[in-house]
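Reviewing the structure listed below.
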There are 4 protein chains.
Amino acid sequence: MGLRERHGEHTPGRPARGRPRSEAAERAIIEGVLHLLEDGVSISELTVERVARTAGVGKATIYRRWGGKDELLVDVLAELEGTFTVEATGESVRGDLIAYLEAVREMGGTKGSSALWRTVIMQGRDNPKLAELYHHSVVERRRDLMRTVLRRGIERGELRADLDVELTVDMLVGPMLVRTILHEWRPTPDDLSARLVDALLEGARSRT
Amino acid sequence: MGLRERHGEHTPGRPARGRPRSEAAERAIIEGVLHLLEDGVSISELTVERVARTAGVGKATIYRRWGGKDELLVDVLAELEGTFTVEATGESVRGDLIAYLEAVREMGGTKGSSALWRTVIMQGRDNPKLAELYHHSVVERRRDLMRTVLRRGIERGELRADLDVELTVDMLVGPMLVRTILHEWRPTPDDLSARLVDALLEGARSRT
Amino acid sequence: MGLRERHGEHTPGRPARGRPRSEAAERAIIEGVLHLLEDGVSISELTVERVARTAGVGKATIYRRWGGKDELLVDVLAELEGTFTVEATGESVRGDLIAYLEAVREMGGTKGSSALWRTVIMQGRDNPKLAELYHHSVVERRRDLMRTVLRRGIERGELRADLDVELTVDMLVGPMLVRTILHEWRPTPDDLSARLVDALLEGARSRT
Amino acid sequence: MGLRERHGEHTPGRPARGRPRSEAAERAIIEGVLHLLEDGVSISELTVERVARTAGVGKATIYRRWGGKDELLVDVLAELEGTFTVEATGESVRGDLIAYLEAVREMGGTKGSSALWRTVIMQGRDNPKLAELYHHSVVERRRDLMRTVLRRGIERGELRADLDVELTVDMLVGPMLVRTILHEWRPTPDDLSARLVDALLEGARSRT
DNA sequence: CACTAACCGAGACGGTACGTCGAGTCTTAAC
DNA sequence: GTTAAGACTCGACGTACCGTCTCGGTTAGTG
């Protein structure tokens, strides 16, 4: 995943010494967190102590792999991210963008996912390295998908040549985040993605 | 403000007895938090214990007014919100929207402000009542300003008659939030507001 | 007792501020330790965590008063020491010495007492200040009683004029310690004190 | 030595198979402990983990030989005990006893020796088997030397015929222990042994 | 000479206790 | 009845060792 295996792992240069780290323990920890989140345990209730108890693991085994709760949660989020897939047909820019936003919407709906998003956003100030790491390996990967779609649209002539790609990505991602994370309680109608893409494509100005 | 003065205050019906609450203490607490935030103290370092020490106040004095750190922070955010003003001339929808977004951008740049935003966002799951309270008295007030502008634009014929107002608000607010809170580190060029409004008005579709 | 009230207690100079320390908590802690010792809990099983649980007290409340388990145990020992009394009639040196040794023997037989003795002896190297404090306020007090008895014996002519008082104290205390602490399992016959005193008085040399 | 080679050693009945235990490792461990003790490391700081690190040995290598820290320390003490020798000429009871006590005094002065004594004393309650083992193989051996000297004195008529040998041993050993272990800080004058023996022989009673 | 069982250092494992910190509540004297 | 101060119980923090287990890699004998 590129996020895990960062903390105190042995350097691949020298030969592996001592008992290797248990993959079973690692899985038990991450799945323990997911299980707790699915049970509606909030982030502040998600103590390292409790995760260890749930996973049937010593606290030290957690701290051996991650520097603390935050780093662990980033990896759990990465685990969820692994399930993120987009079915972009490439037939039209409109279709691809809608497919992408639908995928984002589904992710946001996943149990615990938005709570985790919140946490990583929260940690941005406290732990800049963590935030940067997360953004480079998760956020940027997603944004790149959109950039590719948009650039192809410009090349094909479907989108205006002077389009500000970065700004457009923000205009697609931003509203989706507002709905799924900030105003989680607000309903997200099924055709939200389509309406958002259309609004972006057609513009708000009256054309009489 | 509507947010403060909620917790454990004596009912105005019966006569006030004993020593009245010190307004000086209240100011000292809120300004203590602001001072700490300006000094780069992160939210997790912002303990009630530390706030009390900084403000030269007993912990009980804080708990007498607010239910906990979260409620206190909402009031501090409301304090900041009080400085939020928009100079909307009413001359054109474009100008008003740009003026509004510029005001949002300035708020986001305020020291500690985005950290507080993060916190309230974070608390959404843990403390739904708090989130709701915050949204109704701060967020909705802001959104109402935009709705008014947009509806006036529709009436004037500047905006298309079938415009989805709520969605459009999200498309203006969302990207701004992404910049000022999520990707705080990304540069926010001076003309960002104008470019965002224009992109929204004109649409992305190529018009040959 | 002179041993307690050492750790982090407020200086009597300035006025007492804040909630005073709970004497009930203090009693609960010390009596909790005594209760555990009586239940046959060994010193290494006597964790701070367990004492806190038994006494129904937070760990911090213990650490607020004592620097750690060792200091606490010295105070518990002092508590036991408070029950140490000798019924010396002053009629004869022999009688007084026997009475004293009997008192020592009873103390050693007290549940938990010898375990505590062991601990303090043990800590001698690790924590010299603690050991010194203990010796000055407990051990020396006891030895002084014996010195007085012995000096009175010399004045009366019951004991030889050139008697080495310190050495004689050691010769009385040492064997008793060997029996009650070191070789706890060895039987201590009822007339042990008398035989010890007589052996000391009469000497081992054959007198034909 | 009689103490070592107890733990998990292969039964001599069946043929020895596999790699034999490294004597070098064993020496490294014991000398590691002695080295640490000489460096002023206290018993509570003397963790198995640290001993293993110091000796350049895996923890399992220690646990393969001894059941834990306590058993290891008994063996280290036995190592020291090996240096205990008495030069008893047999010419007079007085001379032999003094020679013996001098040997004890020298042992007590050895670096780390008294700390180890303390430890074994300490463990008496927690680990009775250990204490018994230690007493039978170290303490009793020493005491037997004294019993022999005393009985010879009685036979020769140097000592009174009704002498309580056990009690007399205690009266010789006890004061020496008090000085070298309990009151380690008290000076032990060169002629202490002689004065102690003389006091025991002559008695305290005034003989006018 | 190959086999193989038990050793070796290293270090991860599930635990327990450590001593500290903060949460939110309670109890003083002072005003 | 408030105030600042500082106690209280509770529970999580992150660390250190415990005694055990598991690696890859020796190091004898035996077959």
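Fair warning: this is a prediction, and the values are worked out from it, not measured in the lab. Chain A is the first sequence line, chain B the second, and so forth, proteins listed ahead of strands; every chain is numbered from 1.
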Separation of F:dC18 C1' from D:Asp70 CG (nearest whole Å) = 12 Å

Would B:Glu31 and B:His35 count as a side-chain contact (heavy atoms from CB on, under 4.5 Å) if you check the C-alpha gap in whole Å, the side-chain angles of each, and the deciding distance to 0.1 Å?
-> CA-CA 6 Å; B:Glu31 280 168 19; B:His35 194 273; over 6 Å; no

Indicate for each nucleotide in nucleotides 13-20 of chain E, in 5' to 3' sequence, whether protein heavy atoms under 4.0 Å reach the base (B), only the sugar-phosphate (S), or nothing (-).
-> BS--SBBB

Answer yes or no: is there a side-chain heavy-atom contact under 4.5 Å between B:Leu72 and B:Val48?
-> no

By side-chain contact (heavy atoms from CB on, under 4.5 Å), B:Thr54 pairs with (sequence neighbours left out) B:Leu36, B:Arg50

Polar side-chain atom of C:Glu45 near backbone of C:Val41 as donor-acceptor pair, under 3.5 Å | no

Rounded interatomic separation in angstrom, taking CD from D:Glu71 and C1' from F:dC18 = 15 Å

Any D:Val33 side-chain heavy atom under 4.5 Å of D:Asp75 side chain = no

